[in-house]
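Read through the structure below, which is laid out as structure tokens, and then see the notes.
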Amino acid sequence: MIKIKIEFFGRARLIADQEYIYIDIEKQIMEIDLIKIIASAKPALLGEVIDRKTFRLKKSYNFGINGIKNVNNDIMCLNNDDSILIFSSQSGG
Amino acid sequence: MLQGYNNKYLVINLNDHSFEINKIDNQILYDYIGGTGLSTYLLNKYSESNSNPLKPENPLIFCSSLLTGTRLTTTSKFAIATKSPLTNFIGDSMSSSHFSDKLKKTGFDALVIRGKSNKKILIQISNSNIEFLDASNLWGKTTSQTEFELKNKIGTKFSYACIGPAGENLVRFAGIKNDGGRMAARTGVGAVMGSKNLKAIAVGGNIEISIYNPKKINSIRKELSHKSLGESTEKYRTTGTTINMSLLNRLEMLPTNNFAESKFAKSEYIEGENLIKNHFDSKAHCANCTIGCEKIFVTNDNKNSTKSRLEFQTTASLGANIGISNPNTIIRAAKLCDELGMDTISTGVTIAWAIEASQKGHISNNIDISSESKLLKLINDIAYRRSLGNLLADGTKLAADNIGKKSSSYAMNVKGLEIPSYDPRNLPALALALSVSTKGACHNRASAYDIDFNNKNIYEDPKIIAKKTKLSEDTSAVIDSLIWCKFLRKSFDDFYLESSNIYSLITGEDFSENKMKLAGERINNLKKLFNINNGWKRSDDSLPERLLKNSNQKSQIISKNFLDSMINNYYHFREWDNNGNIPKNKLEALNII
């Protein structure tokens, strides 16, 4: 098991009412399983940031690993102390 | 005659308070669409090369567009074009809301203002009736005072665009304010208006525009309004853009202390999440907008309560970039800029430059903005050109040129226009777009940060970045010419297909996607041609030395060589020569000459 940080930005932070959380996961994990763990830790995100049916991020949000790099793979390979950033997919402003 | 347009424009000569009405050929409307495209065409038509932007010969052009007045969501927008007193190149700026609809309903697609009045005036236009009214009693008044008095004097059936004291005093980054909360803020369009002794424009038309297929347009209007309330606009609708700061700070892309750093230690106090929790007051919409991105914030200290619209660029430029972490101070500073009619980005970046110049001993003034009152005084001094404010009112480029001492190396502008608050050092598409943009450092003429945020895998490929940036710039020109709000852009499934279909349904003339794409390319080429005719040279397409040399970041992507490589590729995709000039055959192919 490894420990990673989940960081929330914008509306996701307001809904989670927290800037970040730490979760313990397997080093290799399916994206859907990771999101289920996040949803379990922060149920308020369900329906708002996380799609209730698919357990994917809603179109309004992006995932980034240690920055803004998009997560494209269903299977993620993470390291201890990695950060997952959840932020708006709308970059304008 | 094309349906959806008035097919004519008004030319006002302020030298003798005369006017003429000119027809617009269909071909011009096909080629330039409206908005920023048509205003660029008219600017080229009515400008003299190498003219002084603050002299009477510089025209000031207001343009509505095809979509204005159709009630399609987010289309109540207008464009302004002139020669910028900040850059000496093309200055174009956009604003929105009722003024655009009422301008179009006067019966004109554009308003070209030439010359200079010998007394302070305002222009009142209603249904092809033009009056020149005395504005001496309005001179010196703030933007909200001016609008308030005009509503009392002329009435609420009109909409007003006006300048504040900054425009009157020819502050080179003065804007033009309209409809209470909106401003065409960038490139100093307000200074040009002030140079003409023109305080305000009142428009109150009610001429309806004919639409070829109103039934289908109405159906599209409903569908698009529905889409605009979907996931692709959630941020704009719910939190607004102030939340950009927390992410950019986390990514070390938040310009701080005059771009010397990319992370602000006290950002948490002024991040959108904190503003929403502790300062949110209300939300506002432009006319005919279903998104409603405007968020109004209110102070919460024991001083006079102040409300101001805030968005990310304002909170960053008047916050992190000048080391301010008190949200109440930012709200008051933003409000003051609005009242004085001054661009918040240029104001903040210019103050940041002055602080550094003071610290380095390059100017003798000791700049102290440690208290709110001192910051507000400095902003007032700029607007009224008092003491140091007189130097700063010319913007960072001219101010640095004026004092020398290598202060231009930390004057954070491109072509004279101050850089918005995205740190381009690790955003390569944005770095390229800011460098080559014809109006200088504008983040909105290519929206290139969106390329960076969604294509991390292309970061080290200058060719792909250049190609994507060129295409994004052309799409932006079309968006700004039709005119849609850019916050709607991701609500389209196929932007060009849907927009060209709408064009055809309004005008009754077939307008293919390819014609629309070509129009975007043509508009950007004509903007570039304007700059070439006004002395542009390749070295103008660059970034300040600080962004290319100094880096506190471990993995800065942008270097001088990398930027040059992107620029070379960009010229290649534009089919320009190696020096960035437009070959004659390219201009002919685009029907520009």
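Below, chains carry the letters A, B, ... as their sequence lines are ordered, and counting in each starts from 1. For clarity, every value in this text was computed on a predicted model and none was experimentally measured.
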Glu19(A)/Arg250(B) ion pair, N-O < 4.0 Å: no

Rounded distance [0.5 Å steps], CZ in Arg13(A) versus NZ in Lys277(B): 8.5 Å

Measure the spacing between CG of Leu248(B) and CZ of Phe87(A) and express it to the nearest 0.5 Å. 10.0 Å

Side chain from CB out, backbone as N, CA, C, O: work out which of these in Asn244(B) comes under 4.5 Å of a heavy atom of chain A, or both, or neither. side chain

Is the backbone N or O of Phe9(A) less than 3.5 Å from a side-chain atom of Ser246(B), with the two atoms forming a donor-acceptor pair by type? no

Locate the shortest heavy-atom distance separating Lys235(B) from Ser91(A); write the atom from each residue and the value. NZ-C, 3.7 Å

For Glu268(B), is it the side chain, the backbone, both or neither that has a heavy atom under 4.5 Å from a heavy atom of chain A? neither

What option among Ser421(B), Gly272(B), Ser232(B) has the most heavy-atom pairs under 4.5 Å with chain A? Ser232(B)

Around Phe492(B), counting heavy atoms of other residues, nucleotides and ligands shown, do more than 12 lie under 6.0 Å from its CZ? yes

Atom pair CD (Glu273(B)) and CZ (Phe8(A)), whose distance is rounded to the nearest 0.5 Å: 12.5 Å

To the nearest 0.5 angstrom, please state how far the CZ atom of Arg11(A) sits from the CD1 atom of Ile276(B). 10.0 Å

Under the ring pair (Phe, Tyr, Trp, His ring centres under 6.0 Å) rule, collect the residues that match up with Tyr236(B), sequence neighbours excluded. Phe487(B)

Part of Lys486(B) lying under 4.5 Å from any heavy atom of chain A: neither

What pairs with Asp51(A) under salt bridge (charged side-chain N to carboxylate O under 4.0 Å, His left out), at least two apart in sequence or on another chain? none

For Ser89(A), which atoms come within 4.5 Å of any heavy atom of chain B: side chain, backbone, both, or neither? backbone

Tell me if the NZ atom of Lys227(B) is crowded by more than 12 foreign heavy atoms within 6.0 Å. yes

Answer with yes or no whether the side chains of Glu234(B) and Tyr61(A) bring together a donor and an acceptor at under 3.5 Å. yes

With a sphere of 6.0 Å drawn around NZ of Lys439(B), does it hold more than 12 non-hydrogen atoms of other residues, nucleotides or ligands? yes

Which heavy atom in Lys59(A) sits nearest to a heavy atom in Glu231(B), and how many Å separate them? N-OE1, 2.5 Å

OG1-CD1 distance between Thr238(B) and Ile15(A), expressed to the nearest 0.5 angstrom: 8.0 Å

Heavy-atom neighbours of Phe495(B) CZ exceed 12 at 6.0 Å: yes

